[in-house]
Amino acid sequence: MVGWRGLLPCWLALWALAAGPAGAYKLETYSIAMPNVRPSSEELYLCTPIKVDSQKSYYIVGFEPNATMHTAHHMLLFGCTSPGSKLPVWNCGEMSKASSGEMTSASPCGSGTQIIYAWALDAPKLELPEDVGFQVGKDSNIKYLVLQVHYHLAPEKVGLPDSSGLFLHFTERPLPKLAGVYLLGTSGSIGPRTTEHMETSCQIDEDKVIHPFAYRTHTHKLGKVVSGYKVEVDRSGKNKWTLLGKRDPMTPQMFYPIESKVTVRKGDTLAARCTMVSDRDFTTQIGMTFNDEMCNFYIMYYVENGTPLSSKYCFTPGPPSYYWNHVGLNNIPDREASLL
């Protein structure tokens with residue numbers, strides 16, 4: 001990996017030895033962080049990129065946050081084929097290509113967008129299982145890493161310098177299990193003073209076997225329970241629901257171990273529900289600000305001796321136009337999916 005301005009590799013001098021079945025290998029650490037930006041508003045999304053050395057392949061095996069929830073509402077690390085902008089920092093909240101005020105606005109990625117890692121609510125570091133890593137660089141579509149920070153600041157902190165970011169732990173040793181992230185989410189709205197189920201589901205149509213090993217939930221203020229499932233169908237057409245994970249999204253939004261050790265194959269369905277409870281007197285929309293809502297369920301998985309899924313996302317319109325029973329799912333664990 002190289003810095004955005006084309007500098008030679010500038011690894012932090014943090015070296016370690018990790019033992020695995022294939023023998024010991026060196027771990028190195030690289031920092032990606034906001035370059036002392038001064039957020040100009042209480043709600044702002046900023047992005048900063050790193051260009052990956054295209055002559056080598058690297059395998060990211062760990063993520064160590066260097067941020068606090070009092071400054072950063074959440075952080076996302078994107079893998080991109082090309083970045084959304086060639087600038088060192090840009091506004092990436094509106095997902096537009098136009099300039100807005102003093103800062104250019106653009107999406108995190110120009111092409112080849114995928115999420116590699118997500119953090120919120122002071123979640124701790126994440127270490128991937130043995131011999132599992134995210135491949136970036138030469139033999140991967142990921143040629144850039146882009147860090148996105150969503151700032152949710154108290155008025156007195158607006159304009160103060162910030163360097164929130166991540167330490168990435170990686171190796172150059174090829175790993176047999178390549179990691180990927182599959183994100184389930186919804187659009188939609190939550191009515192005033194109501195409990196709403198925001199649901200999403202997609203059938204896997206790629207001829208690959210994936211091994212989920214971690215999950216993460218994300219909502220804003222109204223989320224009470226977020227649950228995710230693998231759904232199979234038997235010969236009679238009845239669905240079997242296997243819980244992958246379920247959390248209160250107000251707890252640290254880290255990646256937690258999958259509840260059931262399962263594999264997901266072509267023809268299986270992945271599904272998620274966010275149970276939202278609103279005491280507001282107005283309708284809440286899915287959106288980008290802290291006072292909007294989000295419904296996300298992340299599945300981190302690996303494939304053996306192959307490449308991760310080409311499909312990275314599963315998004316549905318959400319309520320009031322989309323629910324699980326609208327798309328033919330049955331035997332729905334309605335109570336279980338919404339209670340801890």
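For the single chain, residues carry numbers from 1 onward in sequence order.
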Margin query: Can you confirm if the aromatic rings of Tyr58 and Phe170 lie within a centre distance of less than 6.0 Å?
Written below: yes
Item checked: Test item: Asn330 side-chain N/O and Asn239 main-chain N/O as donor-acceptor pair under 3.5 Å -> yes
Notebook entry, point to check: Where do Pro65 and Ala123 come nearest, in terms of heavy atoms and distance?
Noted result: CG-O, 3.6 Å
Item checked: Considering all heavy atoms, the nearest Ser163-Ala33 contact -> O-CB, 3.6 Å
Next item on the list: May I ask you to test the Lys125-Phe63 pair for a side-chain heavy-atom distance under 4.5 Å?
Entry: no
Item checked: Polar contact flag, side-chain donor to acceptor under 3.5 angstrom, His74-Gln253 -> no
Notebook entry, point to check: Within a strict 4.5 Å, meaning less than it, do heavy atoms of the Leu77 and Leu145 side chains meet?
Noted result: yes
Notebook entry, point to check: Distance only, no hydrogens: is a donor on one side chain within 3.5 Å (strictly under) of an acceptor on the other, for His211 and Thr263?
Noted result: no
Checklist line | Considering all heavy atoms, the nearest Pro88-Pro49 contact | finding: O-CD, 3.3 Å
Notebook entry, point to check: Would you say Thr316 and Ser187 make side-chain contact, with heavy atoms under 4.5 Å?
Noted result: no
Next item on the list: Would you please test Val225 and Lys246 for side-chain contact (heavy atoms from CB on, under 4.5 Å) and show each step?
Entry: CA-CA 7 Å; Val225 181; Lys246 179 166 60 172; 3.7 Å; yes
Notebook entry, point to check: Would you say Leu222 and Ile190 make side-chain contact, with heavy atoms under 4.5 Å?
Noted result: yes
Item checked: Lys143 side-chain N/O to Gly79 backbone N/O, donor-acceptor pair under 3.5 Å -> no
Item checked: Exercise: identify the closest heavy-atom pair between Leu147 and Ser164 -> CD2-O, 3.7 Å
Margin query: Using the rule that Ile, Leu, Val, Met, Phe, Trp and Tyr join whenever any side-chain heavy atoms are under 4.5 Å apart, tell me whether Met75 and Leu126 fall into a single cluster.
Written below: yes
Check: Do Val262 and Trp241 share a hydrophobic cluster, counting only Ile, Leu, Val, Met, Phe, Trp and Tyr and linking them when any side-chain heavy atoms are less than 4.5 Å apart?
Finding: no
Item checked: Side chain proximity check, Asn325 to Ile332, heavy atoms < 4.5 angstrom -> yes
Notebook entry, point to check: Going through the checks in order, is the salt bridge (Lys or Arg N to Asp or Glu O under 4.0 Å) test met by Asp281 and Arg193?
Noted result: CA-CA 6 Å; Asp281 294 323; Arg193 299 194 174 276; 2.7 Å; yes
Next item on the list: Mind checking the OG-NZ spacing from Ser311 to Lys208? Nearest 0.5 Å is all I need.
Entry: 10.0 Å
Margin query: Ring centres under 6.0 Å, that's the criterion: do His73 and His218 meet it?
Written below: yes
Note to self: Would you compute the distance between atom OG of Ser31 and atom CG of Asn66 and round it to the nearest 0.5 angstrom?
What the structure shows: 7.0 Å
Next item on the list: Report yes or no: is the cationic atom of Arg216 (NZ for Lys, CZ for Arg) under 6.0 Å from the centre of the six-membered ring of Phe297, at an angle within 45° of the ring normal?
Entry: no
Notebook entry, point to check: Do Lys177 side-chain atoms and Gly133 backbone N/O form a donor-acceptor pair below 3.5 Å?
Noted result: no
Margin query: Please determine whether a side-chain nitrogen of the Lys or Arg among Asp268 and Lys230 lies less than 4.0 Å from a carboxylate oxygen of the Asp or Glu.
Written below: yes
Margin query: Is it the case that the side chain of Tyr302 and the backbone of Pro176 share a donor-acceptor pair, with hydrogens and angles ignored and the cut-off at 3.5 Å?
Written below: no
Item checked: 4.5 Å side-chain heavy-atom contact, Met198 and Met276 -> yes
Notebook entry, point to check: What distance do Tyr30 atom OH and Leu168 atom CG have between them, rounded to the nearest 0.5 Å?
Noted result: 9.0 Å
Notebook entry, point to check: For Gln135 and Tyr59, does a side-chain donor sit closer than 3.5 Å to a side-chain acceptor?
Noted result: yes
Item checked: Spacing of Thr48 atom OG1 and Leu87 atom CG [to the nearest 0.5 Å] -> 10.0 Å
Check: Does Tyr301 use its side chain to pair, donor to acceptor, with the backbone of Leu309 at less than 3.5 Å?
Finding: yes
Note to self: To the nearest 0.5 Å, what is the distance between CD1 on Ile32 and CD1 on Ile50?
What the structure shows: 3.5 Å
Next item on the list: Decide side-chain hydrogen bond (donor to acceptor under 3.5 Å, both in side chains) for Thr219 and Lys224; before the verdict, give the C-alpha distance in whole Å, the side-chain angles of both, and the deciding distance to 0.1 Å.
Entry: CA-CA 9 Å; Thr219 70; Lys224 299 301 180 183; over 6 Å; no
Next item on the list: Output the distance between atom CD (Glu336) and atom OG (Ser227), rounded to the nearest 0.5 Å.
Entry: 8.0 Å
Margin query: I'd like to know if Asp205 and Lys266 make a salt bridge, using a cut-off of under 4.0 Å between side-chain N and carboxylate O.
Written below: no
Next item on the list: Looking only at non-hydrogen atoms, find the nearest pair between Thr171 and Val61 and report the distance.
Entry: CG2-CG1, 4.4 Å
Check: Does Glu206 use its side chain to pair, donor to acceptor, with the backbone of Ser310 at less than 3.5 Å?
Finding: yes
Checklist line | Residues Asp139 and Lys56 bridged, charged N to O under 4.0 Å | finding: no
Check: If you draw a 6.0 Å radius around CG in Asn141, do more than 12 non-hydrogen atoms from other residues or ligands fall strictly inside?
Finding: no
Note to self: Applying a strict under-4.5 Å side-chain criterion to I, L, V, M, F, W and Y, I'd like to know whether Phe78 and Val89 cluster together.
What the structure shows: yes
Next item on the list: Flag the pair Lys26 and Glu28 as a salt bridge only when some basic side-chain nitrogen lies within less than 4.0 angstrom of an acidic carboxylate oxygen.
Entry: no
Item checked: Transitive ILVMFWY side-chain link Val233 to Val327, under 4.5 Å -> no
Notebook entry, point to check: Which pairs, with at least one residue in residues 109-120 and sequence neighbours excluded, count as a side chain to side chain donor-acceptor pair (under 3.5 Å)?
Noted result: Ser82-Ser111
Item checked: salt bridge (Lys or Arg N to Asp or Glu O under 4.0 Å) assessment of Asp279 paired with Lys221 -> CA-CA 11 Å; Asp279 59 0; Lys221 296 178 181 178; over 6 Å; no
Checklist line | Side-chain heavy-atom pair Asn296, Leu184 within 4.5 angstrom cut-off | finding: no
Note to self: If you compare all heavy atoms of Asp292 against all heavy atoms of Thr284, which two are closest, and at what distance to 0.1 Å?
What the structure shows: C-CG2, 4.1 Å
Check: For the residue pair Phe315 and Tyr313, does the interplanar ring angle fall in the parallel (under 30°), tilted (30 to 60°) or perpendicular (over 60°) class?
Finding: tilted
Item checked: Atom CZ of Arg265 with >12 non-hydrogen neighbours under 6.0 angstrom -> no
Next item on the list: State, with a plain yes or no, whether a side-chain heavy atom of Tyr45 is found less than 4.5 Å away from one of Trp90.
Entry: no
Next item on the list: Output yes when a side-chain donor or acceptor of Ser260 lies under 3.5 Å from a complementary backbone atom of Leu243, and no otherwise.
Entry: yes
Next item on the list: Please confirm whether the backbone N or O of Cys47 pairs with a side-chain atom of Gln148, one donor and one acceptor, at under 3.5 Å?
Entry: no
Note to self: Less than 4.0 angstrom from a charged side-chain N to a carboxylate O is my criterion; do Asp334 and Arg273 meet it?
What the structure shows: yes
Notebook entry, point to check: Looking only at side chains, do His150 and Glu43 share a donor and an acceptor under 3.5 Å apart?
Noted result: yes
Next item on the list: For Asp248 and Thr251, test the side chains for any donor-to-acceptor distance below 3.5 angstrom and give the result as yes or no.
Entry: no
Note to self: Between Tyr256 and Val226, is there shared hydrophobic-cluster membership here, with clusters defined by ILVMFWY side-chain heavy atoms closer than 4.5 Å?
What the structure shows: yes
Note to self: Checking side-chain polar atoms at under 3.5 Å, does Thr289 have a donor or acceptor matched by the opposite partner on Asn291?
What the structure shows: no
Item checked: Any donor-acceptor N/O pair, Glu293 side chain to His220 backbone, under 3.5 Å -> yes
Margin query: Is it the case that the side chain of Thr194 and the backbone of Glu196 share a donor-acceptor pair, with hydrogens and angles ignored and the cut-off at 3.5 Å?
Written below: no
Note to self: If you count every heavy atom of other residues, nucleotides or ligands that lies below 6.0 Å from Glu156 atom CD, does the total exceed 12?
What the structure shows: yes
Check: Do you see a donor-acceptor pair shorter than 3.5 Å between the side chains of Tyr151 and Ser40?
Finding: no
